[in-house]
Amino acid sequence: MRSGAKVAIVGGVFAVVVGGVGYGAYNVLDALNGGGGGTDSKSTAAEVKTGPVTKAEIDDASEKFLKAWASGDAAVASQLTNNAAEAEPALSGYREIAHVTEAVITPGPAVGTKVPYTVKATVSFGGKSKPWSYSSELTVVRGLTTGRPLVDWSPTVIHPDLTAGASLKTGEASTPSIEALDHNGKVLTKEKYPSLGPILDALREKYGEKSGGTAGIETWIESADAGGTDKTLLTLTKGKPGRLQTTLDADAQAAAEVAVKKFSQASVVAVRPSTGAIRAVANNPATGFNAAMQGKQAPGSTMKIVTAAMLIEKGLTSANQKIECPPTATYYSRTFKNLDDFSIPDGTLTTSFARSCNTAFIKLIDDAKDDAALAKEARDVFGIGLDWQTGVVSFDGSVPEETHGEAAAQYIGQGTVQMNALNMASITATAKNGTFHQPILVDRSLDGRTLATASRSLSPSVSQQLTNMMRQTASWGTGKNAMASVGGDKGAKTGSAEVDGQATSNSWFTGFSNDLAAAAVVQSGGHGGDAAGPVVAAVLRAGS
């Protein structure tokens, strides 16, 4: 190896330290001829191995690749993968564009065909240097043409957050960093509130230049999408952060972060009904996709808030009017049933709402005389699908106009209805307030954006009937247990949604307490009150 590259063998694991311009050259012939593999296809058919890679091959291939990468020889390292054309520019960029000047890579024991490793590097730019540590893993596969063991190329080999088309860069940041504040002026950080990581990155991307700060020097992942959000990985110099006030509430956010961690996949959002101000957004997992605001799934019986509003507005029923709740109901050859085939003799709309009777709502669809009535109600009153401008990217709900059995499924939040926790929190907020206020994370005065507005409000009578039914649900209905610890004026609606391929339905729950509405979804959580209910209750207790 050239001067400047040092290989240390300690206890059977290696570390390659590469300094400055003294990147070492790893012998490509040794790598390829010594069993390392590569995309070379000159071997004869007799030499081509088949079958699963062996432990010895996994150890050998991963060691040679990591040595070549750490020594800065992208050409050699890429030939030890099964996609040299994509691997070489990415590996070259690690040194030339990300400005990694030293790297110590330490592999751990292989787990099957996967080899985990830690990277301890130094990034240098503009006279500034800073250490950088992270962990990732690679997978060893058998080459299709050579039969040799090769690293299965993926951008995550370089960094676990690097995706196809994205790039790793170091330099002056494109936008100043921000110091995000809650509505009371408390500082919000990714470290204290992990779920806010993607949101704070997005707010910085959009409002960093408006916040009054100056850019620093950073290492970041540049999104592959033109409108995507870059992710900062390392800050060499901070610059001057700009101050950006959000609508979030630190106490509600802290409670939300804790609540979602009780489940492997969960999301929750809290909204203030009187203003639309978003008070909390939390996800587990906390990093990556912001499911709470961008998710798209059937919300189950929480959708009955919208369905009940439509039926009452049309004069087809009222909160205290008696309606049928049989064990099953059929509409255009599609049969719907209640949980465990229960029925409610001589029940009212309130009883069916509070106990989440599906068939009571299905049996009224004929009387509506308009299969698209629910879609219109969702859009015109609750603002669903009106291109919300929250301050970050969000999915704003979808209730397509359907006919026959598909329209009936929508009445109980199944079929083609798609929502997320943000949408359902907003629906509850609209029911409570009577008027849709588009949810926001930052005040519109910051950029003058146009907020979505619904074409009409609920009448005071309909709003009162809806909230009273939700109060009964929280008092003695399916939301009783979850809401028992919540004080003040409170209401709720539970839901569970069948999802193809899942053994257990998703758990949905939405509720309000005073001037705060919240909604949550727990993947494979079962009944709404069992899993999502306690998540909502925790946020309402903290934020009310």
Side-chain angles (χ1 to χ4, degrees), residues 188 190 192-200 248-271 278-303 392-395 397 413 417-429 439 441 478-479 481-486 492-513 516-543:
L188 304 169
K190 301 176 187 179
K192 190 169 184 180
Y193 310 100
S195 292
L196 294 182
I199 292 172
L200 296 181
L248 294 165
D249 180 86
D251 293 336
Q253 183 65 36
E257 297 277 0
V258 173
V260 295
K261 286 181 181 177
K262 296 177 182 178
F263 305 96
S264 60
Q265 287 185 293
S267 302
V268 65
V269 174
V271 175
I278 298 172
R279 291 304 196 218
V281 181
N283 294 291
N284 190 31
T287 58
F289 182 63
N290 180 10
M293 297 180 70
Q294 295 176 259
K296 300 178 182 181
Q297 290 188 314
S301 290
T302 56
M303 187 66 186
V392 299
V393 174
S394 64
F395 171 69
V417 175
Q418 291 188 317
M419 298 285 174
N420 52 44
L422 172 67
N423 306 147
M424 291 314 308
S426 178
I427 284 173
T428 295
L441 270 170
T478 54
N481 292 339
M483 294 292 282
S485 62
V486 179
K493 185 69 193 81
T494 59
S496 58
E498 308 283 337
V499 178
D500 291 343
Q502 288 184 194
T504 308
S505 60
N506 291 339
S507 171
W508 287 80
F509 195 98
T510 186
F512 66 79
S513 175
L516 191 67
V521 55
V522 175
Q523 303 297 312
S524 300
H527 299 151
D530 296 340
V535 175
V536 168
V539 177
L540 292 178
R541 288 196 305 270

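Please read these numbers as outputs of a predicted model, since none were measured by experiment.
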task: Dump the intermediate steps for side-chain contact (heavy atoms from CB on, under 4.5 Å) on Val521 and Thr302, then the final yes or no.
output: CA-CA 11 Å; Val521 55; Thr302 56; over 6 Å; no
task: Could you walk me through whether Ser195 and Gln253 pass side-chain contact (heavy atoms from CB on, under 4.5 Å), step by step?
output: CA-CA 9 Å; Ser195 292; Gln253 183 65 36; 4.1 Å; yes
- prompt: When you look at Ser301 and Lys493, which way does the side-chain contact (heavy atoms from CB on, under 4.5 Å) test go after all the steps?
  reply: CA-CA 8 Å; Ser301 290; Lys493 185 69 193 81; 3.8 Å; yes
query: Yes or no on side-chain contact (heavy atoms from CB on, under 4.5 Å) for Leu422 and Ser394, after CA distance, side-chain angles and deciding distance?
result: CA-CA 9 Å; Leu422 172 67; Ser394 64; 4.0 Å; yes
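Of the possible polar contacts, none joining the Asp249 side chain to the Gly543 backbone as a donor-acceptor pair under 3.5 Å is found. Checking side-chain atoms of Asn284 against main-chain N and O of Phe263 turns up a donor-acceptor pair under 3.5 Å.
Considering every non-hydrogen atom in both Val269 and Ala425, the closest pair reads O-CB, 3.7 Å. Nearest heavy atom pair, residue Gly413 against residue Met303, reads CA-CB, 3.5 Å. Summarising the geometry of Ala532 relative to Trp508, their closest heavy-atom pair is CB-C, 3.8 Å, with the distance given to 0.1 Å. When every heavy atom of Val268 is checked against every heavy atom of Val539, the shortest pair comes out as CG2-CG2, 4.0 Å. Residues Ala497 and Gly300 approach most closely at CB-N, 3.8 Å, considering heavy atoms. Closest approach of Pro299 to Val417, counting heavy atoms only: CD-CG1, 3.6 Å.
A search for salt bridge (charged side-chain N to carboxylate O under 4.0 Å, His left out) contacts involving Asp251 returns Lys186, not counting sequence neighbours.
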